[in-house]
Amino acid sequence: GVTRESYGQGENTALRILADKAQELDLRCESDRAGNLWLSLPEDQRDAPFLVIGSHADSVPQGGNFDGLAGIVAGMLILVGLRGRHEDALPVRVLALRGEESAWYGKAYLGSLSLLGKLPAATLARPRRDGLDTLSEAMTRCGADVAAIGRGEALIDIADIAAYLEVHIEQGPIMVNRGWPVALVTGIRGNVRHNLIRCIGESGHSGAVPRWLRKDALLAVAELLSRMDEHWRVLLQMGMDMVMTTGICSTSPQSHAVSVIPGEVAFSFEVRSQDTQTLERFYTLMREECAAIERARNVRFEFDDRLFTEPAIMDAGWLDRMEAAAAPGDKLERIASGAGHDAAVFANAGVPSGMVFIRNENGSHNPHEAMDIDDFLLGVELLTRSMTGKA
């Protein structure tokens with residue numbers, strides 16, 4: 001797979017390759033105080049608010065080739081295509097963002113939140129997944145102005161941004177199964193998550209402790225997840241939009257054994273929805289179920305910091321504009337994004353935002369992403385037409 005760690009060696013290498021290619025194409029390159037890379041046409045000196053075409057340069061560990069980077073390359077292609085006719089559109093800047101993935105520091109959108117002055121200061125102290133770094137240390141090595149970011153200082157005036165546009169692979173199976181090469185994104189799910197919840201019970205001999213005296217942490221977690229799965233089913237039947245995931249669940253490798261009742265289980269919990277009230281409702285249900293299971297099974301749950309990412313709605317004007325730019329006879333479908341994207345940060349900051357999805361086989365966040373280049377070029381052409389009214 002492909003590993004481009006946020007504010008680390010892999011991401012640095014990717015940005016250096018992008019900058020080298022941009023210079024070959026005679027594009028102007030500069031870094032901002034969050035370490036993000038900006039590309040533009042040197043001949044376009046207009047002061048008008050500019051369109052940003054952006055995406056992220058990092059990846060999850062052992063991820064795929066197209067997640068994030070395809071959107072940056074799309075922007076570079078659009079810039080090159082505008083050479084000599086750039087006045088057909090607003091000024092355009094391509095933005096290669098750092099740190100969109102939460103896999104490395106437990107918090108998503110690091111580069112975009114830092115740029116807009118919205119990264120919570122406490123995030124800077126978060127350790128990397130391997131414990132070798134804090135985010136602050138990694139950002140400092142990459143040249144970021146950590147002091148300004150910690151103060152919540154905006155590193156760009158959002159009044160200068162006319163819109164934020166992003167091309168991205170769809171990270172699920174919907175478009176492939178429905179035969180859609182490209183689609184328009186209506187909104188981006190937000191999420192509430194805990195990276196680490198500990199259920200603490202009591203270890204014991206598997207043969208010597210009867211059921212009524214057990215404090216089995218693993219059965220407690222299993223009961224919690226089963227109950228939450230049932231709540232999920234009911235809320236879906238009520239027409240609510242949401243998904244729930246526990247991506248980490250483990251007993252201690254130092255002490256677990258076939259003949260040991262699990263005394264502690266560590267797990268994660270995440271719920272995603274396009275509706276903030278649904279997120280809060282489901283989260284409240286989870287905490288209520290934890291309290292009930294604590295009483296019934298004589299265990300306790302300990303929670304790390306709750307992380308919240310706000311849902312975002314894409315700009316209706318840009319959706320209509322992109323739909324109108326479709327090739328004659330083509331009908332563009334609209335789809336919500338279950339995965340998070342930097343477009344959500346810009347949209348929630350008040351910047352009109354739009355996204356084009358490209359179908360890809362085999363999902364995302366794995367080495368088998370398989371975006372078809374013809375589909376990708378359709379997305380590039382669609383975005384170009386929506387910006388200029390011309391192919």
Side-chain angles (χ1 to χ4, degrees), residues 1-22 29 31-39 52-76 94-116 118-119 123-124 126-144 146 149 155 164 166-171 188 191 193 195 247 307 309 337 339-346 355 358 360 363-369 371:
V2 176
T3 299
R4 302 183 295 267
E5 62 272 33
S6 304
Y7 286 97
Q9 181 179 351
E11 187 183 67
N12 290 341
T13 301
L15 290 174
R16 185 169 60 250
I17 292 169
L18 289 166
D20 289 345
K21 178 56 67 174
C29 305
S31 295
D32 62 30
R33 288 191 289 155
N36 305 306
L37 178 68
W38 291 83
L39 310 174
V52 176
I53 303 173
S55 198
H56 60 99
D58 63 333
S59 77
V60 298
Q62 295 179 289
N65 193 40
F66 304 112
D67 179 5
L69 273 183
I72 301 170
V73 174
M76 294 171 72
V94 174
L95 176 56
L97 286 155
R98 287 186 177 269
E100 187 259 9
E101 301 288 0
S102 64
W104 298 97
Y105 291 95
K107 176 68 176 172
Y109 312 145
L110 302 175
S112 53
L113 287 171
S114 296
L115 180 65
L116 299 183
K118 295 183 178 297
L119 185 75
T123 306
L124 293 168
R126 295 189 70 86
R128 200 171 85 163
R129 60 184 285 131
D130 56 12
L132 296 179
D133 259 335
T134 65
L135 176 59
S136 176
E137 291 167 340
M139 293 180 82
T140 299
R141 281 198 305 272
C142 293
V146 173
I149 292 168
L155 309 181
Y164 176 89
E166 184 165 358
V167 174
H168 205 286
I169 57 171
E170 193 221 352
Q171 296 177 271
I188 298 170
N191 66 73
R193 66 169 55 156
N195 291 323
L307 300 176
T309 300
S337 174
H341 303 284
D342 288 297
V345 175
F346 287 90
M355 285 192 71
I358 311 297
N360 76 294
S364 182
H365 285 191
N366 69 71
H368 306 296
E369 292 173 0
M371 180 189 73

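Nothing here was measured: the structure is a model prediction, and the numbers come from that model. Below, all heavy atoms of this structure are taken into account, side chains as well, without hydrogens, waters or symmetry copies. Sequential numbering from 1 along the given sequence is applied to the chain's residues.
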Which atoms form the tightest heavy-atom contact between [X] and [Y], and what is the distance?
| X | Y | value |
| --- | --- | --- |
| L39 | A22 | CD2-CB, 3.7 Å |
| G99 | S6 | CA-OG, 3.5 Å |
| N36 | G111 | ND2-O, 3.3 Å |
| M355 | I188 | SD-CD1, 3.7 Å |
| A138 | D133 | CB-OD2, 4.3 Å |

Working to the nearest 0.5 Å, report the span between [atom1] of [X] and [atom2] of [Y].
| X | Y | atom1 | atom2 | result |
| --- | --- | --- | --- | --- |
| L155 | I149 | CG | CD1 | 5.5 Å |
| L18 | T13 | CG | OG1 | 11.0 Å |
| L113 | E100 | CG | CD | 10.5 Å |
| L37 | S31 | CG | OG | 5.5 Å |
| T134 | R128 | OG1 | CZ | 11.0 Å |
| H168 | L69 | NE2 | CG | 9.5 Å |

Open item on the list: So, applying side-chain contact (heavy atoms from CB on, under 4.5 Å) with Y105, which one of L110, L124, T123 is it?
Closed with: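 Filter result, single survivor: L110.
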
Looking at [Y], is its backbone amide N or carbonyl O close enough to the side chain of [X] to form a donor-acceptor pair, meaning the two atoms are under 3.5 Å apart?
| X | Y | value |
| --- | --- | --- |
| E166 | G71 | no |
| W104 | D130 | no |
| Y164 | G54 | yes |
| S364 | D67 | no |
| S55 | I72 | no |

Task: N12 vs R141, side chain to side chain contact (heavy atoms under 4.5 Å, CB included): CA-CA, chis, key distance, verdict - done: CA-CA 11 Å; N12 290 341; R141 281 198 305 272; over 6 Å; no

Task: Within-4.5 Å side-chain heavy-atom neighbours: H365 and E101 - done: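 In short, these two side chains touch, coming nearer than 4.5 Å.
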
Open item on the list: A side-chain contact here means heavy atoms from C-beta on lying under 4.5 Å apart; do R193 and S102 qualify?
Closed with: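 Yes, at least one pair of side-chain atoms sits under 4.5 Å.
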
Open item on the list: Once side chain to side chain contact (heavy atoms under 4.5 Å, CB included) is applied, do any residues pair with S112, and if so which ones, sequence neighbours excluded?
Closed with: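 Expected list: L97, Y109, D342, V345, F346.
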
Task: For N360, side chain to side chain contact (heavy atoms under 4.5 Å, CB included) partners two or more places apart - done: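 N360: side chain to side chain contact (heavy atoms under 4.5 Å, CB included) contacts with I169, E369, M371.
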
TODO: Examine the side chains of R98 and S114 and answer whether a donor and an acceptor come within less than 3.5 Å of each other.
DONE: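 The criterion, which ignores hydrogens and geometry beyond distance, is not satisfied for S114 and R98.
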
- [ ] Indicate whether any N or O donor in one side chain lies under 3.5 Å from an N or O acceptor in the other, for D58 and H56.
- [x]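 Yes, side-chain donor-acceptor contact under 3.5 Å.
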
Open item on the list: Does L135 form a side chain to side chain contact (heavy atoms under 4.5 Å, CB included) with K107? I'd like the steps, not just the answer.
Closed with: CA-CA 10 Å; L135 176 59; K107 176 68 176 172; over 6 Å; no

